[in-house]
Q: 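This is the structure, below, for whatever I ask next.
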Amino acid sequence: MIPKSHPRYESLLLRDKMVKAAQKGYLADSALIAHGRGEAFDYLIGEKTTYPAKRAMYVAVAALLLSNNPVISVNGNATALAIDEIIELADAVNAKIEINLFYRTDERVKIITNLYKDHGYKNILGTLDDEIKYINDIKNSRATASKTGIYTADTVLIPLEDGDRAEILKKGGKNIITIDLNPLSRTSKMSDVSIADNIVRAIPFMTKIAEDLKTQDKAVLFELVNEFDNEENLKESLEQIKVKE
Ligand code: ATP
């Protein structure tokens with residue numbers, strides 16, 4: 001039991017979720033290392049949502065609301081940290097959810113599929129029964145996508161994705177949104193909209209934004225998307241990393 005007064009309380013709670021997910025068998029070995037990389041960046045931004053991250057979230061939600069077939073791609077880490085929040089965001093922006101694992105095994109896919117079902121989300125894509133296609137016909141495990149999901153999606157939200165897959169999605173003509181605490185990652189640099197924030201803060205915030213933006217004219221949403229400069233925003237995100245004593 002972690003005392004609430006502990007200075008790293010939130011961070012330790014997340015670690016605990018990751019450890020439990022690893023014990024349940026749906027994380028790859030490297031998942032905890034990826035989490036640690038995220039933790040380090042979160043520490044450096046003071047474990048709070050920065051202004052450039054908020055700006056990127058408004059743009060991301062506008063892009064999702066303007067899309068015909070938006071999909072949220074989930075892996076083990078995203079599921080362990082924010083399963084309910086992901087389901088709520090999918091409902092709010094009318095997006096599908098698709099499982100995509102870097103080290104895909106039937107066992108992990110099965111566990112994650114059942115987790116979404118147990119949490120009330122029935123139509124999860126990327127399952128063992130789903131029709132899986134290869135983006136741009138690239139016969140590589142990084143290029144797989146559900147036929148009715150990412151394969152035909154116009155916009156894909158890829159929290160905590162690796163650079164190789166992000167590149168394949170980009171070359172496949174997708175509009176890419178990432179949530180990645182590291183503004184220097186290949187995924188952040190390659191995406192159309194990069195949110196340098198912790199997924200546990202970003203996803204629920206995006207759901208709130210969706211409730212607001214849904215009531216706006218489409219012209220307002222287009223303006224948000226068109227005026228956004230991801231490279232500039234990433235520079236600002238990087239400037240948020242300050243080493244204080
Ligand atoms: P790339 O291949 O894009 O350069 P990478 O090699 O760092 O990135 P991974 O090892 O797959 O890719 O790491 C996943 C990324 O997810 C890391 O950049 C890490 O900062 C980020 N990350 C980890 N945990 C979180 C979290 N809770 N919220 C947001 N981002 C996170």
Side-chain angles (χ1 to χ4, degrees), residues 8-22 26-57 60-61 72-86 88-89 99-105 108 112 138 140-144 156-172 174 176-207 230-231 233-235 237-238 240-241:
R8 303 246 76 77
Y9 177 72
E10 295 292 340
S11 170
L12 292 177
L13 274 189
L14 299 186
R15 272 193 191 182
D16 194 49
K17 284 188 176 178
M18 292 298 292
V19 169
K20 289 200 171 109
Y26 66 93
L27 293 186
D29 293 343
S30 59
L32 295 176
I33 302 172
H35 182 77
R37 184 173 286 168
E39 266 189 354
F41 282 97
D42 209 8
Y43 201 108
L44 291 170
I45 59 168
E47 292 169 339
K48 57 181 184 342
T49 301
T50 65
Y51 181 72
K54 276 187 195 161
R55 183 197 286 134
M57 282 189 238
V61 172
I72 303 176
S73 174
V74 294
N75 60 13
N77 290 46
T79 303
L81 294 174
I83 184 167
D84 290 324
E85 293 79 2
I86 289 169
E88 280 166 25
L89 177 62
I99 303 169
N100 262 295
L101 307 183
F102 190 92
Y103 300 106
R104 188 178 167 99
T105 67
R108 284 195 202 110
I112 295 175
I138 303 169
N140 172 329
S141 61
R142 306 307 297 130
T144 54
V156 192
L157 171 60
I158 45 170
L160 326 186
E161 190 54 89
D162 93 292
D164 295 337
R165 181 160 173 91
E167 190 174 2
I168 288 169
L169 293 172
K170 186 78 216 151
K171 284 193 180 146
K174 314 288 176 193
I176 300 180
I177 300 164
T178 191
I179 303 171
D180 186 334
L181 277 158
N182 179 3
L184 296 167
S185 76
R186 288 179 303 151
T187 307
S188 290
K189 287 185 177 164
M190 221 171 306
S191 294
D192 298 285
V193 185
S194 307
I195 301 162
D197 197 15
N198 198 317
I199 182 177
V200 300
R201 294 189 299 269
I203 300 262
F205 197 78
M206 288 170 77
T207 303
N230 200 46
E231 210 178 314
N233 203 57
L234 272 177
K235 266 190 215 153
S237 293
L238 200 53
Q240 304 298 315
I241 297 176

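Just so you know, ligand 1 is whichever comes first in the structure, and atom 1 is the first atom listed for that ligand. In this chain, residues are counted from 1 in sequence order.
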Q: Applying salt bridge (charged side-chain N to carboxylate O under 4.0 Å, His left out), can you list everything that pairs with R104, at least two apart in sequence or on another chain?
A: none
Q: Of all the non-hydrogen atoms in the protein, which one sits nearest to atom 6 (O) of ligand 1, and at what distance?
A: R37 NH1, 3.3 Å
Q: In the protein, what heavy atom is nearest to atom 11 (O) of ligand 1, and what distance, to one decimal place, separates them?
A: D162 CB, 3.8 Å
Q: I'd like to check which ligand 1 atoms, numbered from 1 as shown, lie under 4.0 Å from a non-hydrogen atom of G38.
A: 19 (C), 20 (O), 22 (N), 23 (C), 24 (N)
Q: Tell me, which protein residue and heavy-atom name are nearest atom 9 (P) of ligand 1, and how many Å apart are they?
A: A34 CB, 4.4 Å
Q: Nearest to atom 4 (O) of ligand 1, what protein heavy atom do you find, and at what distance?
A: R186 N, 2.9 Å
Q: Hey, which atoms in ligand 1 end up nearer than 4.0 Å to a heavy atom of L81?
A: 27 (N)
Q: Between D192 and K170, is there a side-chain N and carboxylate O pair less than 4.0 Å apart?
A: yes
Q: Could you identify the single nearest non-hydrogen protein atom to atom 2 (O) of ligand 1 and state the distance to 0.1 Å?
A: G163 N, 2.8 Å
Q: In terms of side-chain geometry, is the basic nitrogen of E47 or R8 positioned less than 4.0 Å from the acidic oxygen of its partner?
A: yes
Q: So which heavy atom in the protein is nearest atom 18 (O) of ligand 1, and how far is it from that ligand atom?
A: D180 OD1, 2.9 Å
Q: Looking only at side-chain N and O atoms, does N100 offer a donor or acceptor that is under 3.5 Å from a partner on R165?
A: yes
Q: Please examine the side chains of R201 and D42, heavy atoms only from C-beta on, and report whether any two atoms are closer than 4.5 Å.
A: yes
Q: Starting from atom 8 (O) of ligand 1, locate the nearest protein heavy atom and write down its residue, its atom name and how far away it is, to 0.1 Å.
A: S185 CB, 3.8 Å
Q: For atom 31 (C) of ligand 1, which candidate among T187, I158, L160 holds the nearest heavy atom?
A: L160
Q: For ligand 1, find out whether one of its N or O atoms is nearer than 3.5 Å to an N or O atom of D164.
A: no
Q: Determine whether L234 and N230 make a side-chain contact, defined as any pair of heavy atoms from C-beta on separated by less than 4.5 Å.
A: yes
Q: Do the side chain of T187 and the main chain of E161 share a donor and acceptor less than 3.5 angstrom apart?
A: yes
Q: Salt-bridged, D164 to R186, with N to O below 4.0 Å?
A: yes
Q: Which residue from I203, N198, I179, L184 reaches closest to atom 26 (C) of ligand 1 through any of its heavy atoms?
A: N198
Q: Between L81 and L14, is a side chain to side chain contact (heavy atoms under 4.5 Å, CB included) present by the stated rule, with each step listed?
A: CA-CA 7 Å; L81 294 174; L14 299 186; 4.0 Å; yes
Q: Does any N or O atom in S188 lie less than 3.5 angstrom from one in ligand 1, N or O only?
A: no
Q: Tell me if a side-chain donor or acceptor on R142 pairs with a main-chain N or O of D162 at a distance below 3.5 Å.
A: no
Q: Run the numbers for me: atoms of ligand 1, each under 4.0 Å from some heavy atom of D197, listed by number.
A: 28 (N), 29 (C)
Q: Has ligand 1 got any nitrogen or oxygen that is less than 3.5 angstrom from a nitrogen or oxygen of I199?
A: yes
Q: If you count the atoms of ligand 1 from 1 in the order shown, which ones are under 4.0 Å from a heavy atom of N182?
A: 18 (O), 20 (O)
